[in-house]
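Chain A is the first sequence line, chain B the second, and so forth, proteins listed ahead of strands; every chain is numbered from 1.
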Amino acid sequence: MRISKLFGKTLREVPADADTVSHQLLVRAGMVNQLAAGIYSYLPPGWRVLRKIENIIREEMDKAGGQEVNLPVLQPLEMWQLTGRDKAFGKSLFTLYDRRERPLVLGPTHEEVITQLVGRYAQSYRDLPLLLYQIQVKFRDEPRPRGGLIRVREFHMKDLYSFDIDEAGLDESYRKMLQAYQNIYDRCGLTSMLVEADSGAIGGKDSNEFMVIAESGEDEIIYCPGCKYAANMEKAVSVKEKIDNGEPLPVEEVATPGMGTIEEVAGFLKVPQSHTLKAVFYIADGKMVFVVIRGDLDVNEVKLNNQLHCSELRMATEPEVIEAGIVAGAASPVGMKGFKVISDDSVKSGTNFVAGGNKPDTHIKNVNYPRDFKADIVADIANAHAGDKCPKCGGTFASTHGIEVGHIFKLGTFLSEKLGASFIDEKGESRPAVMGCYGIGIGRLLAAAIEQNHDDKGIIWPVPIAPYHVYLCPLYREGSKVADVAEKLYAELETAGLEVLYDDRQESPGVKFNDADLLGIPFRVTVSPRTLEKDSVEFKLRSEKETELVPLGEIVGRLRELIES
RNA sequence: CGGGGCGUAGCGCAGUUCGGUUAGCGCGCCGCGUUCGGGACGCGGAGGUCGGCAGUUCAAAUCUGCCCGCCCCGACCA
C-alpha cells in the first residue's frame, strides 16, 4: 500500500478526549475515529488489524472443532422475555420497533438465538456435541462507554456456544475452549492471565476470564504470587483473620456520643476496626436487606447478589434507611426484627464484637454470633484485598488491574430448558443440552494489544496482528536512484507475499520515521543515497533501537524469514 | 442516574471573567520555491451555523434560560 493513497491521516497531537494510551494511539495513528460515545469507525489500517485478529480466532476455533455460523443482529424481544434476560440486561438492551410496532432488540449476545436454532436441528444425542461460533457486531447500551475501544456500545465479538449431552461433555468443551483461548492470546503476542470469575446470576459452576494486565484495565485482579491462584475481585476469596477476644462476655451498652462511622467508633472505644461489626443496607428488588459485616471488611456486591438472587440490587439511600426506622450510624442486627438479615461469615470467626446499639449515640460491646443475633444467610460476601492471605497456600495476595479480553462460562441447562434445546438420549428420553458460552471482544483485544505493546513514539504491533509487516521508507534526493530502487523493492516485496506500507510521500525523513513508529509497523526498511552507496538498505525492528545495513539482494529473503517464523 | 470538566476551522488551543470594528494562533490542507537521516523554511492561499434554540441588548463567541453532545470519577452493567 502506498501511503500517499492510504485513507486517513496521522496526528501529531494527542486528541483531547482520549485518556487511555490505546485510545490516543489508535486515533493518532489514524486507525479509528469516534462517531459518538462508544461508537467508532475503523479506518483501513485499524480494520486490517481487526481482521487479522479475527482470522487467528477463526483458525483456533476451527481447530478446536468449532463451526462458523452467522446469526441475526435483529432479534424479537419476545425471546428475551422468555428467558427473563430482558430484565437482566435492563437498559443495556438496545430496543427498537418495526413498522408493525413489534419490539426488537439489537443482539447484545446470542444465547437465545443459538439455543433455539440448535433446538430445531439437534434432536439426537448423535448430533452432539456442537461448538458453534460467529464473529459479529454486538450492541450494548453501556451506562458509561470509556477508554476508546475498551468499553464501547457497538463492538465486534467472537461468541461460541457449546452444546453437550452431559456435564462431562461440557467440561471437555470448556477445556478445549480454554486451550484455544490461550493459543489465541499467545498468537496475538499478548501476555494474558487466566482468572476465576463470577458466573453471575445465570449460574453454572465455572467461569474464567482472560485478563491483559494494564493500568487502564477496569477490573481488579487478586492473585497469589505463591500458588497460581488468581481471581477477579468480584469472585476472589481470602482467609479472614480470626478475631479472638476470649470467651463470650455479657453484652454491655456503651455511650458513643457523636460517633457514627466505624473509624470513629473504633477510635473512640480504642479497639481495632476488625473487632467491630457494621451494618450496611441494600434494596434488593425493592426490599430492604440488612447486611452485617466485620468493620474492617467491605461488602462485595456481586457476592451479595449471588446470595440474594435478585435482579436489582443497590445501596439504600439515607432517607430509605431512616424511614425503615433504622438508626444510621448505630444500627446493628441485635434485637432487630422485620428485615432479611444477611451476614458475612466473618461474624462466626470472632468473639465479643462491638456493634451498634440501635439507639442514637449508643453501641454495644461483647456481641457474639449466634448468641445475640441471627442471620437468614451467613456466607462470604466480603471483598478480598491485596495483603490478605491466600486460602490455598497461605501466601499473601497481591492485586493488579486487567482488561478482560475473554470470558468463558459453563452455563448448564437453564437456557436449553427454556428454549427447547433438548435431544433424545440413548435410552430414548428427552434431555436438555448442557451449554457453555465463550466470548472474546475483538476490538478490546486490539486495544489491549496496544496497551501492552507501545512506547512513547507509538504502537509496536506484534507481527501476527500488525496492519502491515514492512514499512518501506525511501529518503528521496534529486539525482539519486532512491526512487527507482524503492519502487523495484516495493514490487519485489509484494510479489514475495509481504504486506508493505510504502511511504512514497515527499516528506522529510523525520516525518516518515515518526509515522513509521506511530503506526507500529514491525520492520522498517530505509532506502537512501547513503545506503545505496553500499548497495544496501537500512533495516530496523520497531521494537529495537539499533539499525543494520542489509545488502539489497538479501533484504527480501531476510524479511520473509522473519515474518514466516 | 449522581458528581466534576468541556464544546470556537480536520486536530490542538487562545479569546468568554468585565458584551463593542472584519474571531485569532499553532499543526494539518492547497500553490510556488528552497531544503532533505528523527515531526525543515520562506512567500502566497483556502477553510468558521463560535454545539443548538430562544431571550436580553443599539450590539452576543462573551450575559440569561432551556436543550443537545463529548470526556473523567462513581452508581449501574452476563
Side-chain angles (χ1 to χ4, degrees), chain A residues 8-20 23-24 27-28 30 33-39 80 83-93 107-112 138 140-148 151 153 157 159 161 197-204 207 209 216 218-219 232 234 282-283 301-302 305-306 311-315 317 404 406-411 414-415 435-439 441 456-458 473-480 482 505-518 524 526-532 537-538 540 545 547 549:
Chain A
K9 191 172 277 295
T10 57
L11 298 178
R12 193 180 298 211
E13 278 170 296
V14 178
D17 56 3
D19 238 38
T20 55
H23 188 195
Q24 292 175 353
V27 174
R28 283 190 57 213
N33 182 260
Q34 182 174 20
L35 177 65
I39 305 178
W80 288 80
T83 58
R85 295 210 307 165
D86 58 327
K87 289 204 184 69
F89 270 87
K91 287 186 173 165
S92 294
L93 210 53
T109 177
H110 283 71
E111 282 84 5
E112 275 75 4
K138 298 279 189 275
R140 294 183 192 178
D141 198 357
E142 294 287 342
R144 187 153 86 84
R146 70 182 101 179
R151 182 172 289 274
R153 296 193 293 169
M157 182 173 172
D159 43 325
Y161 306 90
D198 177 63
S199 54
I202 288 180
S207 175
E209 289 168 336
S216 56
E218 298 181 283
D219 291 282
N232 194 311
E234 293 175 354
Y282 280 87
I283 304 288
E301 293 186 9
V302 173
N305 198 357
N306 287 344
S311 62
E312 201 197 320
L313 179 72
R314 60 173 175 84
M315 274 188 107
T317 62
E404 179 191 337
H407 199 164
I408 61 180
F409 289 83
K410 289 184 181 174
L411 290 176
F414 169 82
L415 292 163
M435 292 177 59
C437 68
Y438 316 82
D456 55 345
K457 290 284 194 178
C473 187
L475 303 180
Y476 300 118
R477 165 120 15 121
E478 228 168 297
S480 83
V482 169
R505 299 173 300 174
Q506 296 291 333
E507 287 288 355
S508 69
V511 171
K512 292 186 172 186
F513 290 153
N514 279 302
D515 274 348
D517 288 346
L518 178 58
R524 191 182 80 191
T526 306
V527 185
S528 74
R530 195 196 282 177
T531 67
L532 288 185
V537 294
E538 180 196 84
K540 179 180 175 299
K545 260 198 127 86
T547 62
L549 277 183

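- With a 4.5 Å cut-off on side-chain heavy atoms, A/P474 and A/K512 count as touching.
- When the P atom is compared between B/rC63 and B/rG45, the two are found 34 Å apart, to the nearest whole Å.
- B/rC13 sits 14 Å from B/rC50 when the C1' atoms are compared, rounded to a whole Å.
- In this structure, A/T109 and A/Y161 have side chains that are in contact, with non-hydrogen atoms separated by less than 4.5 Å.
- Here A/T531 lies in heavy-atom contact (under 4.0 Å) with a base.
- Using a 4.0 Å heavy-atom cutoff across all strands shown, A/V27 reaches no nucleic acid atom at all.
- Between A/R153 and A/A37, the shortest heavy-atom distance links the atoms NE-O, 2.8 Å.
- One atom, CZ of A/R153, and another, P of B/rG69, lie 9 Å apart when rounded to the nearest Å.
- The partner of B/rC1 is B/rG74, judged by Watson-Crick or G-U wobble contacts that both fall below 3.5 Å.
- The side-chain tip of A/R524 points at the ring of A/F513 from less than 6.0 angstrom away and within 45° of straight on.
- Spacing between B/rC66 and B/rU56 at atom C1', rounded to whole Å, works out to 15 Å.
- In terms of position on RNA chain B, the residue among A/R524 and A/A36 whose nearest nucleotide sits closer to the 5' end is A/R524.
- Across B/rC76, B/rC36, B/rC71, the shortest atom-to-atom separation from the side chain of A/P143 is found for B/rC76.
- Within 4.0 Å of A/A18, counting heavy atoms only, lies no atom of the nucleic acid at all.
- Checking B/rG12, B/rG39, B/rC72 against the side-chain heavy atoms of A/A16 singles out B/rG12 as nearest.
- Rounded to whole Å, atom C1' of B/rG37 lies 15 Å from atom CG of A/D515.
- The residue A/S92 sits close only to the backbone: its heavy atoms come under 4.0 Å of sugar-phosphate atoms, none of a base.
- Among the atoms of the strands shown, base atoms are found under 4.0 Å from some heavy atom of A/N514.
- In this structure, CD in A/E301 is found 10.5 Å from CD in A/E234, a value given to the nearest 0.5 Å.
- Atom CD of A/E234 is separated from atom C1' of B/rC76 by 12 Å (rounded to the nearest Å).
- Between the C1' atoms of B/rU35 and B/rG42, the separation comes to 11 Å (whole Å).
- In this structure, A/L93 atom CG and B/rC76 atom C1' are separated by 15 Å, rounded to whole Å.
- Using a 4.0 Å heavy-atom distance criterion, A/Q34 is classed as a sugar-phosphate-only contact.
- The base of B/rG4 is not paired with the side chain of A/R144 by any donor and acceptor separated by under 3.5 Å.
- Nucleotides B/rG12 and B/rC76 have their P atoms positioned 33 Å apart, rounded to a whole Å.
- Here the closest non-hydrogen pair linking A/Q24 and A/P15 is O-CD, 4.3 Å.
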Close N/O contacts between protein and nucleotides 44-52 of chain B (under 3.5 Å):
none

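- Distance CD (A/E301) to P (B/rC77): 8 Å, rounded to an integer number of Å.
- In this structure, A/R146 atom CZ and B/rC71 atom C1' are separated by 12 Å, rounded to whole Å.
- With both pairing distances under 3.5 Å, B/rU62 is matched to nothing as a Watson-Crick or G-U wobble pair.
- Of the possible polar contacts, none joining the A/R85 side chain to the A/W80 backbone as a donor-acceptor pair under 3.5 Å is found.
- Listed candidates were B/rG38, B/rC76, B/rG37. Nearest to the side chain of A/R477 is B/rG37.
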Expected string for nucleotides 23-35 of chain B under the B/S/- scheme (protein heavy atoms, under 4.0 Å, primed atoms plus P, OP1, OP2 as sugar-phosphate) is ---BSSS------

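- Each of B/rC76, B/rG37, B/rC71 was ranked by its minimum atom distance to the side chain of A/R530; first place goes to B/rG37.
- With both ends at atom P, the span from B/rC70 to B/rA60 equals 30 Å, rounded to whole Å.
- Nucleic acid contact for A/P529: none, since no nucleic acid atom lies under 4.0 Å from a heavy atom of the residue.
- Distance check, rounded to the nearest 0.5 Å: CG of A/N514 to CD of A/E507 gives 11.0 Å.
- Contact check for A/D17 versus A/Q34: side-chain heavy atoms found under the 4.5 Å cut-off.
- B/rC6 and B/rU21 are spaced 25 Å apart, taking the P atom of each and rounding to whole Å.
- Checking A/R140, A/R146, A/E404 one by one against A/R151, the side-chain contact (heavy atoms from CB on, under 4.5 Å) holds for a single residue, A/R146.
- When both distances must be under 3.5 Å, the Watson-Crick or G-U wobble mate of B/rU57 does not exist.
- Pairing for B/rC41 is with B/rG33, a Watson-Crick or G-U wobble pair whose two hydrogen-bonding atom distances lie under 3.5 Å.
- Of the listed nucleotides (B/rC70, B/rA40, B/rG38), B/rG38 has the atom at the smallest distance from the side chain of A/K540.
- The partner of B/rG48, taking Watson-Crick or G-U wobble pairs whose two distances both stay under 3.5 Å, does not exist in any strand shown.
- Distance A/R140 CZ to B/rC77 P: 14 Å, rounded to the nearest Å.
- Within 4.0 Å (heavy atoms only), A/G147 reaches sugar-phosphate atoms of the nucleic acid but no base atom.
- To the nearest 0.5 Å, the span separating CE on A/M435 from CG on A/L411 amounts to 5.5 Å.
- Across the protein-nucleic acid pair, A/Q24 atom CD and B/rC72 atom C1' stand 13 Å apart, rounded to whole Å.
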For side-chain contact (heavy atoms from CB on, under 4.5 Å), just list the numbers for A/K91 and A/D141, CA-CA rounded to whole Å, side-chain angles, deciding distance to a tenth of an Å, and then say yes or no. CA-CA 7 Å; A/K91 287 186 173 165; A/D141 198 357; over 6 Å; no

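- The side chain of A/E142 has B/rC77 as its nearest neighbour among B/rC77, B/rG37, B/rG74.
- To the nearest whole angstrom, the two P atoms, one in B/rG24 and one in B/rG37, are 38 Å apart.
- Of the candidate nucleotides B/rC77, B/rC71, B/rG39, B/rC71 has the atom lying nearest to any side-chain atom of A/A37.
- The partner of B/rG10 is B/rC27, by the rule that a Watson-Crick or G-U pair needs both atom distances under 3.5 Å.
- Nearest heavy atoms, A/V527 versus A/V537: CG2-CG1, 3.8 Å.
- When the nucleotides B/rC77, B/rC73, B/rG38 are ranked by their closest atom to the side chain of A/R151, B/rC77 comes out on top.
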